[in-house]
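First up is the structure itself, then whatever we jot down about it.
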Amino acid sequence: MHDPQTMPRPPRPTPVPSVQRNQLVLPVPERPAHEALAEARGWLDGIHERMMAAEDEVLHQDMHSLHLGLLTLRRRWSEEDWKSFCTDTARKHPLRSFVHQCPFTRRAFERPRGYAGDAALIDYLYMDRAADELHAGREVYRYMHQQPSAVSVRERRELLARALDATAERVPQNARILSVACGHLREAESSAAVRERRVQELIAFDQDPLSLAEISHHQPLDVVRPHCGSVRALLAGKATFADLDFVYSAGLYDYLSASVATRLTGLLFGMLRSGGRLLVANFARFPPETGYMEAFMDWWLTYREEDEMRALLGEVPLEQLDSVRLFRDSQDNVIYLELTRR
Ligand SMILES: C[S@@+](CC[C@H](N)C(=O)[O-])C[C@H]1O[C@@H](n2cnc3c(N)ncnc32)[C@H](O)[C@@H]1O
């Protein structure tokens, strides 16, 4: 249940302007409701004070209140008001430095590789590095590590590892696989088929040479072939692949516009050979961490529901489509779209 002491009251709804004979009567007060913002700031002050003094368990409770409260504000405010709250209030509040003691939160915000959601950030969810941190950073990180989205990211890795193994069973010895935006390709580390070299080729495609270098340290390079390239290069036909048995992409579509995602889906489907499978993952709206991610991590994803995932079929030739499957993970957070080619 929501604790009234720790939840900000919802902002007042912005009055709807009324039009009288060509005359626009502006609502008063102009958005965003000043008092609502002041109230939200006061609420952050309270959480910050308690967190500074908190024991581990209390700190987790305050993180919980923070997540719930931010999600509530995000739902109730207009997109514009929410964005200005994130930039003008949350990010300037001393609570930001406090939660940035968590290396996962801080890395998302700082973007040391120049883009959001790099593979080293996702490693904070795959691995547990809590032991390396001091008190507050450790507890904020621990909290984040246990959240439903983090569980979904780990589950996604396992699902992909099983899909690699299943492809090797379906196409013994000859399977050719492409991972688009592979990051550190951590799923391959849990795949017996890759470890035992029962796939012919796993092309690890990513724009980030640092991520590909990390793969080279962990994977058998006679099977895993790093390939540096961007979605833009794929769409422009500068990087092309064909005759693949399995193509997948996780942690990429969450950053793509509908038009780019639709074009990419059509293109990747066209790289499959008969019987081949395309699997793409996307976060559904809205995981409970969304408000915290946007306000304190500056991490904005494109969330999609089932109908938006289905719309990605827009450039897939339907006569070549054997099956379409949509399913969610155990947390209801990630939607998977799976296509098989005739
Ligand atoms: C969130 S990570 C996901 C990594 C991995 N697939 C996983 O599930 O753990 C996103 C990856 O997408 C890559 N990426 C983002 N935009 C890209 C683009 N336009 N072209 C190629 N790779 C891209 C990044 O370099 C990063 O490694």
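Just so you know, ligand 1 is whichever comes first in the structure, and atom 1 is the first atom listed for that ligand.
The immediate protein surroundings of ligand 1, defined as residues with any heavy atom under 4.0 Å of it, consist of Y115, G117, I122, Y126, R156, A181, C182, G183, D206, Q207, D208, G229, S230, V231, A250, G251, L252.
Residues in residues 308-342 take part in these ring pair (Phe, Tyr, Trp, His ring centres under 6.0 Å) pairs, two or more places apart or across chains: F327-Y336.
Using a 4.5 Å heavy-atom threshold, the side chains of R263 and L267 count as separate. Side-chain atoms of Q207 and R232, non-hydrogen and from C-beta on, never get closer than 4.5 Å to each other.
For F296 and F109, the ring centers sit 6.0 Å or farther from each other.
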Q.
Could you walk me through whether Y248 and F246 satisfy the ring pair (Phe, Tyr, Trp, His ring centres under 6.0 Å) test, starting with their C-alpha distance in whole Å, then the side-chain angles of each, then the deciding distance to 0.1 Å, before giving a yes or no?
A. CA-CA 7 Å; Y248 67 94; F246 180 38; 5.1 Å; yes
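Salt-bridge check for D298 with R111: passed, with a basic side-chain N closer than 4.0 Å to an acidic carboxylate O.
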